[in-house]
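Numbering of residues begins at 1 and proceeds along the displayed sequence. Bear in mind that the values here come from a model prediction, so they are computed numbers and not experimental data.
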Amino acid sequence: MDNDDIASFQDELAHLTAAYPDPEELSLVRSALMWLSVTRRPLRAHELLVALRIEDSKDATLIERLLTDGRNTDDGKAATYLEGVLGHVVATTRVGDGEIRVALRDARMRGYLTELDHGRLAFSTAEAHLVVTGVCMVVCSVSGLHLAQVHDGERVSGLVLYAWSHWAGHLHLSGCTLGNDAAADLTDSMVFRVSVDLLVFLGALNYVVTGPITFPAELDRASCVGAVRHAQDALQGPMTLLTAIVSHGAKYSQNLQACRRMLELSRYPARRSGPRSNKYTATSSQAGVLVIDKLMADTAHLFGEMDKRIIQDFADLARGLRVLSLVLVRTPLYDELLREYDSWSPLDVLVNGANWAENIASYPFWDILSGPALSQALHITDRGDPNFHPADLVRHKIRNDGHRSHQQDESSVRRVPASEPTRPPPGISRARWTAARAIYALGDSLPWTKRRTTITLNDPHFLVRRTSSFASFPPQLHRPSNPLRHLRPLIPPAMADLYNQHLTTFLARFNTTSPLTAPLTTAYHPLKTTLLSQGYRPALLTLSTAILLHHLRRLLLPSFAVYIWHTPLSSLRIALSNPDYFLTSHLCLSWPHLILAYLQKPLLDLVAPHLHPILYLTHLFATLEYTFSRSIYATAFSFATYRLLTRSRNHRLALLHVIATHWTKIPPVAYQTYRTIVHGLAPLMVRSITHTLEGQPGLLVLAMSVMSGVTVLLKYRSTFFIAMEISDMFVAMGLFVIGSVLLGRELVMDPLGLVASTEEARRRGVRARSALPPGASDRGRILRGR
């Protein structure tokens, strides 16, 4: 730069300094020169003006309005204002229709502004990068969901994409680290706010993939179902990680800076500057490969467990978001998202969110990598890779910083099939995939299915579970009766409220699907979802193991986890033939035995939901045995008492003798019998008949089958004597047959487990919404343009 140019630049800067004697006004000029000196690409006029206004504002709502108000994207007005403020220092260039770019009049001024002392407008390159970094971080903090409208250049400022694309680069070039308190606070705030926005966005996607999805009937049904389930599975990892980040609200900057400092102290590697080593450049076509994977494997021993976990979580988040973007462009999800959104904006959120998470995960390695390094996961060159066409479509649909938006002509974009018919989706075994294709082919060949033109998955008409007669099964048959509940009117209200408050807090830690707190039938669907979440083979293994444990419990601990008395058929036979002996033998139990036998059931009900699924299933088998035993013993006690009352005088005297001998045991036994008959067996018969008249005879068939079986065994007990002696084995075989039949039914009705996967995904969405801070759920309206 010759002396004449330097003199000219000095005159222009001196003119600016003289024109703005107010320090605040001159600070605006200085900030504009900083942006123009270090910007990574030419800025549009409105982008620079919005950036300057954001720098002076601390109101997140105002900043969000500046970025999304269409009146702020007018380059003409912004260029006029900047020319009036900066004078001849800047030059504007019109590009395309209405787009005006602004830059320094002479590119050599960049070096001059940062290298020479020019008074109150002096600044260094590092200082300029730091100012730009702060604005970019603030923009990222408030615009996560607005990435969904980046294709609408007339509404969302291009500064949004610039900030998401270059915040990490500016931070690295500024030389500032997260050891700086201001930078650390800004980073922690950005991490939390962006995580909230991403969680809200993934919740919206979760709502789409668990809702009705319609596709033409001529498409391969198994592939479409597999794609929907793959999307639900792909959402699980990112949603779980973001839920943890939002819930904990930790200051991750401290851990990231500690990792970076540890690498510096370890002098790994010896050369920490210069061009990037190809050793750590991601060249694999796999979407889950990151630049830092090899580095992380080499240096993991240097970090603490918490620090290593944080890096791995953000790396996994980047992987998960990229994989999810490749899944969502497949049929039928592609078409469903087109109906749900006006443009392919969801992909911009996923891709930019993945890049953001990878930049954070790679922060400790910036010195080794000579700055932020992003993997080329979407640049797949191998046409044999199953992700080649999805990645190509994703690159076509997203908007890159500094480029104009693609035309959203969806008819010109080739659809990506759900998957190859011969290749099962991730998480589905080849055997199950083959069986599912055969079942779907058989179902589609039926005459009444050939006439349909579309197929709807997760159809709300079928997802609304039809009320079953088993849902009316009286819970009093498997819940221990509590005689103390009649004393509640005598308890002072203040003491009752205090007790209920502590009890509710205590029970909140446990699953509400426990037989203690809900009818037994309501435990079936959550249990089915849990069993089938890993596939049918593990489900069959879990079922078999639970049946074996139940069988061993019946042999070794017959009185554990069941009713007070545990030989119902033998006792009923004695009650029919010798009622006085039945009453005497069953009322002679000691009080400690009765109390322990009574209390074990509610205690096990309370802890069972916290147990392993195998143990919980074993507990449910014991609950079925408890229900059967309680019903039989209520019948036996009632029949024995009735026989002694209605027969001869000697029988009535025998009854009086039993009452006089065991008068302390009569009230609790009579109460249990009364509750079982009046609130259990009687409602069971009434409801089963009512449901039968309504066309749902299942409960009545079950009740009549049990009654018939008990009657046959008692009437022909001599014939079935040997079979009754080894009844434990037949019980285990019966449970296995029934369980296998239920699993087979589920396989036929839902070969790929979409129903169970959808239920689990919906529960995951509820947990994610509960983790959001107050008011965050309302930000989902941004996705709809509201």
Side-chain angles (χ1 to χ4, degrees), residues 34-44 46-48 50-51 54-55 63-64 66-68 73 95 99 101-103 128-153 156-174 186-187 190-191 193-194 197-198 201 276 282 290-292 314 317-318 321-322 325 344-363 366 369-379 391 394-406:
M34 286 183 178
W35 273 88
L36 295 173
S37 298
V38 298
T39 181
R40 308 294 292 273
R41 65 159 173 85
L43 294 176
R44 293 178 60 179
H46 86 271
E47 294 173 352
L48 177 57
V50 169
I54 290 175
E55 186 179 346
I63 294 173
E64 198 168 356
L66 288 173
L67 294 170
T68 58
T73 61
V95 180
E99 181 175 325
R101 294 179 179 177
V102 59
H129 279 294
L130 191 59
V131 169
V132 176
T133 299
V135 173
C136 289
M137 282 188 173
V138 171
V139 171
C140 291
S141 300
V142 301
S143 64
L145 293 176
H146 292 289
L147 288 168
Q149 283 92 31
V150 292
H151 289 281
D152 187 359
V156 178
S157 172
L159 186 65
V160 171
L161 269 182
Y162 182 90
W164 282 84
S165 301
H166 302 296
W167 71 269
H170 283 296
L171 177 60
H172 173 70
L173 294 174
S174 70
L186 196 57
T187 301
M190 177 185 67
V191 168
R193 287 175 171 268
V194 171
D197 278 356
L198 289 178
F201 174 75
R276 295 176 186 170
L290 302 183
V291 172
I292 66 171
F314 281 103
L317 177 60
L321 293 177
R322 286 202 183 103
S325 68
W344 255 120
S345 52
L347 294 181
D348 292 275
V349 182
L350 292 174
V351 173
N352 284 282
N355 294 340
W356 170 83
E358 186 175 3
N359 278 327
I360 292 179
S362 65
Y363 171 80
W366 282 4
L369 299 171
S370 300
L374 295 178
S375 58
Q376 302 297 315
L378 298 180
H379 294 270
V394 171
R395 293 198 311 273
H396 174 85
K397 297 307 301 178
I398 64 174
R399 181 181 179 183
N400 295 316
D401 177 50
H403 294 76
R404 298 180 63 84
S405 174
H406 297 292

Do you know which two heavy atoms are closest between Leu186 and Gly134, and how far apart they sit?
CD2-CA, 3.6 Å
Can you check whether Thr73 reaches Val50 side chain to side chain, under 4.5 Å on heavy atoms?
no
Less than 4.5 Å apart, side chain to side chain, heavy atoms only: is that true for Val135 and Trp167?
no
Heavy atoms, side chains only, cut-off 4.5 Å: are Leu48 and Leu36 in contact?
yes
I'd like to know whether His46 forms a side-chain contact (heavy atoms from CB on, under 4.5 Å) with Ser157, so could you lay out the CA-CA distance, the side-chain angles of the two residues, the decisive distance to 0.1 Å, and finally the verdict.
CA-CA 8 Å; His46 86 271; Ser157 172; 3.1 Å; yes
Please state whether the rings of Trp356 and Phe314 are parallel, tilted or perpendicular, taking 30° and 60° as the class boundaries.
perpendicular
Using atom types as modelled and distance alone, determine if a side-chain donor or acceptor of Asn352 lies under 3.5 Å from a backbone N or O of Ser165.
no
Heavy atoms only: give me the nearest Cys136-Ala163 pair and the separation to one decimal.
O-CB, 3.6 Å
Taking Arg395 for the side chain and Leu378 for the main chain, is one N or O donor matched with an acceptor at less than 3.5 Å?
yes
Quick one, Met34 with Val132, criterion side-chain contact (heavy atoms from CB on, under 4.5 Å). Give me CA distance, side-chain angles, the key distance, then yes/no.
CA-CA 8 Å; Met34 286 183 178; Val132 176; 5.5 Å; no
Roughly how far, to the nearest 0.5 Å, is CG of Leu130 from CG of Leu171?
8.0 Å
Side chains of Val139 and Tyr162: closer than 4.5 Å at any heavy-atom pair?
no
Note, Met137 side chain near Thr187 side chain (heavy atom, < 4.5 Å)
yes
Interatomic distance, CG@Leu369 vs NE2@His172, rounded to 0.5 Å, equals 9.5 Å
Just say parallel, tilted or perpendicular for the rings of Trp366 and Tyr363, cut-offs at 30° and 60°.
perpendicular
For residues Arg101 and Leu43, determine if any side-chain heavy atom of one lies less than 4.5 Å from a side-chain heavy atom of the other.
no
Do the side chains of Leu147 and Val160 get nearer than 4.5 Å, heavy atoms only?
yes
Could you tell me which non-hydrogen atom of Arg322 sits nearest to which non-hydrogen atom of Leu374, and how far apart they are?
NH2-CD2, 4.4 Å
Can you check whether His129's main-chain N or O pairs, donor with acceptor, with Ser174's side chain at less than 3.5 Å?
no
Testing Asn355, Val194, Val351 one by one against Trp164 for a side-chain contact (heavy atoms from CB on, under 4.5 Å), which residue passes?
Val194
Atom SG in Cys140, atom NE2 in His166: separation rounded to 0.5 Å?
11.0 Å
N-O pairing of Glu47 and Arg41 below 4.0 Å
yes
Measuring from Glu55:CD to Ile63:CD1, what's the distance to the nearest 0.5 Å?
11.0 Å
If every non-hydrogen atom of Leu321 is compared with every non-hydrogen atom of Ala354, which pair is closest and at what distance?
CD1-N, 3.6 Å
side-chain contact (heavy atoms from CB on, under 4.5 Å) assessment of Val291 paired with Glu358
CA-CA 9 Å; Val291 172; Glu358 186 175 3; 4.0 Å; yes
So which atom in Gly169 and which in Pro372 form the shortest heavy-atom distance, rounded to 0.1 Å?
N-CG, 3.8 Å
For Ser362 and Ile292 the tightest heavy-atom approach is CB-CG2, 3.5 Å
State, with a plain yes or no, whether a side-chain heavy atom of Leu159 is found less than 4.5 Å away from one of Ile54.
yes
Are Asp348 and Arg399 close enough, and set up right, to give a side-chain contact (heavy atoms from CB on, under 4.5 Å), and what steps lead you there?
CA-CA 7 Å; Asp348 292 275; Arg399 181 181 179 183; 3.9 Å; yes
